[in-house]
Amino acid sequence: RLEANSGLSQITPSRRVLDSGPGFPGSELHPLTAKSLAETKAEMDAVAGAAAGAGASVALGVGAAFDYNRFNFMMDRYWKIRWEIQLQRWKMAQASLWREDVRDLISLTEYKMHVYLLVNVLMIGKTLVMSYQGHLPERTPIWLISGAVLARWGAFMFLWLSLWMAMHAAVAAQAYEVRLLTQMVRLPIPSWQEMEAQRTDLSDFEKLELQQMLRVPFIMGWQEDLVKGASSARAAKDDAAEDEAASVSAAEVASNPSSWATSWAATASTNRGGGGGGGSRSGGSSRGVGGSSIGGSGVLSTSSDSTSTADGLHHMDPWGLEGTGDHIAELGCKVGSNVSQLRHVKMTRQAMIHWQAYDAYARISMGIGVSHMLLGITYYILGYIHMEVGCPTAAVYGVVLLTLFRAVLLRLEMSLSNTQLLLLQILLSLTPLASVVAAFCWTNRRQMPRTTEALVAVAFLSHGLFVAALSSFAGVADRKNGSAVALPRAFSEVLYLDVFGYMGRKRGSPRAA
């Protein structure tokens, strides 16, 4: 009644709006006001929904990027293990080839020494039989008997010397082969630390940079570009920390050299130098099995590669966890003259110093012994066929054939100039020829006694000059000529020992072996 009389019905809605709420259960809103509130609420719900959708989209995008990068990381780590296994196979194959090279180089002496031993034993037996059963007749002149005895026992001396040196060379070569194969040139079997460094945990993905884990492909660039910046920053930080640690340890070592800081400083300096054990798997873990090399003592050892270089620009994988393998000695195949620069070849050649001279002089002694044995047979032909049987023509034929045989052997065994070879052949032939003429003169000793004595002197003197000229033309090489062992390079058999061509030759003097 008051509203109708006083006209308050026009402000009642506003008042009811103020009085409306949960405390006024009987109140009602004006239709216009309710519509405005509904629109506001709808707008707020739309904004909240859009925000929730955007958040969900971002979350889904971040999750998708995380899953994408983690899957790539898992695949790369899987192929990394496969690559490490294949690398280990190639390293084992290369090391096996090195061991085979050592056997081949040393067997070059072993097989020859076995042949030398057999041949020397047979020829020594023949020389003894010729000495004890090949007696000259009683009326043989003293000078002819003396020449035969000297030739026979000279042959025995050189053949026995060849036998002894061949035996020594064979034993020394086998001993050093065992030492090289058991102590120095070993197969690169990885250690437990290196095997552990090959394994990658999925938790290692969490230790990467955040931008690496959430990289969006084609938008944030390549994974390698992200590694470069991160590794450069890590490298700078690690260098600063190592410099500080080195300075502290150096001060402690200077104050107390016997303290624990001595060993700790040595470890820090070793780590700074890039050396390490099997590598760490935390953070930017190093490569699994690093390159193997033959250390300073000649032992085939392995060392793991560092995570990255100082500037962080050299990596094998896009995650910056593996270094380059340029230092791995087992990779690659050297041919030609480059093989001689390999470490195991150098160690083998250094070991060959202990038996190479015995190898060379065993063959030379055997050749000289054969020459003396043929000379002894020549004296026996002159004493028996010419003096006893009385057939000088047959004796001359036998002496000439044996002399030609000795000259041919000399040419085959020596690598000399034509002038030097001709001089040696003249001296070699002069001894038996002078002996033949002296034998003819001795049969007529009543007419030419002085001539016989002069020819005998010429025969013995020419043999002595032959031995002296042979020693002079041998061309023994010393260390000044680039050879590690004093070897007579004029003998062709010595050149066969030089499979890598280390022995230089004088221009135009030696023949091709």
Side-chain angles (χ1 to χ4, degrees), residues 97-127 154-182 185 339-340 342 344-374 405-406 408-416 470-471 473-477 483-505 510-513:
L97 182 60
W98 289 348
R99 293 172 62 86
E100 185 178 353
D101 292 342
V102 173
R103 294 189 183 97
D104 292 339
L105 291 173
I106 297 180
S107 65
L108 184 66
T109 294
E110 288 183 341
Y111 295 156
K112 289 191 304 180
M113 295 304 105
H114 295 163
V115 176
Y116 291 175
L117 290 174
L118 177 61
V119 174
N120 285 327
V121 168
L122 294 177
M123 288 193 297
I124 287 175
K126 294 298 182 181
T127 303
F156 176 81
M157 180 190 68
F158 280 105
L159 291 174
W160 184 264
L161 185 62
S162 176
L163 177 67
W164 183 86
M165 288 190 291
M167 181 178 61
H168 178 85
V171 173
Q174 188 175 6
Y176 277 95
E177 178 183 4
V178 173
R179 180 179 181 182
L180 287 173
L181 295 179
T182 57
V185 185
V339 178
S340 61
L342 294 176
H344 70 284
V345 175
K346 292 182 178 179
M347 287 193 301
T348 305
R349 291 194 67 249
Q350 184 178 4
M352 290 173 67
I353 297 176
H354 300 279
W355 72 80
Q356 199 171 32
Y358 293 92
D359 184 352
Y361 286 104
R363 179 64 182 85
I364 295 171
S365 298
M366 184 171 63
I368 298 177
V370 170
S371 180
H372 279 75
M373 186 172 66
L374 294 177
F405 187 33
R406 292 179 63 198
V408 171
L409 290 180
L410 178 65
R411 183 174 181 83
L412 292 176
E413 293 185 356
M414 301 293 290
S415 179
L416 300 172
L470 187 66
S471 302
F473 297 156
V476 178
S483 178
V485 185
L487 297 176
R489 296 180 297 169
F491 289 87
S492 302
E493 293 78 9
V494 175
L495 300 179
Y496 298 146
L497 300 175
D498 184 26
V499 294
F500 293 104
Y502 285 97
M503 298 180 187
R505 298 182 179 181
R511 300 184 297 108

task = Find the distance between CZ (Arg103) and CG (Asp101) and round it off to the nearest 0.5 Å.
result = 10.0 Å
task = On the 0 to 90° scale, with breaks at 30° and 60°, tag the His344-Trp98 ring pair as parallel, tilted or perpendicular.
result = parallel
Side-chain polar contacts of residues 156-163 - donor-acceptor pairs under 3.5 angstrom, sequence neighbours left out - could you list them?
unit_1: Ser162; atom_1: OG; unit_2: Asn120; atom_2: ND2; d: 2.9
unit_1: Ser162; atom_1: OG; unit_2: Ala362; atom_2: O; d: 2.6

message = Which heavy atom of His168 sits nearest to which heavy atom of His354, and what is that distance?
response = NE2-O, 4.2 Å
ask   = Looking at CG of Leu117 and CE of Met366, how far apart are the two atoms once the value is rounded to the nearest 0.5 Å?
value = 10.0 Å
message = Does any part of the side chain of Met414, heavy atoms only, come nearer than 4.5 Å to the side chain of Leu470, both counted from C-beta?
response = yes
request  = Please work out whether the ring planes of Tyr111 and His114 are parallel, tilted or perpendicular, with thresholds of 30° and 60°.
outcome  = tilted
note = Here the gap from Arg99 atom CZ to Thr182 atom OG1, rounded to the nearest 0.5 Å, amounts to 8.5 Å
ask   = Does the side chain of Arg363 come within less than 4.5 Å of Phe491's, by heavy atoms?
value = no
query = Between atom CE of Met373 and atom NZ of Lys126, what is the distance when rounded to the nearest 0.5 Å?
reply = 9.5 Å
ask   = Take atom CD in Gln174; do more than 12 heavy atoms of anything else shown fall under 6.0 Å from it?
value = no
query = Relative to the ring of Tyr176, is the ring of Trp355 parallel (under 30°), tilted (30 to 60°) or perpendicular (over 60°)?
reply = tilted
message = Just to verify, what does Ala357 make a side chain to side chain contact (heavy atoms under 4.5 Å, CB included) with, not counting sequence neighbours?
response = Tyr361, Val485, Leu487
request  = Take Ile106 and Leu180 through the test side-chain contact (heavy atoms from CB on, under 4.5 Å) and record every step on the way to the result.
outcome  = CA-CA 10 Å; Ile106 297 180; Leu180 287 173; 4.1 Å; yes
query = In Å and rounded to the nearest 0.5 Å, what is the CG to CD1 distance from Leu409 to Ile368?
reply = 12.5 Å
remark   = In terms of heavy-atom contacts, Ala170 and Met113 come closest through CB-CB, 3.7 Å
Inter-residue atom distance Leu105.CG - Thr348.OG1, 0.5 Å rounding = 5.5 Å
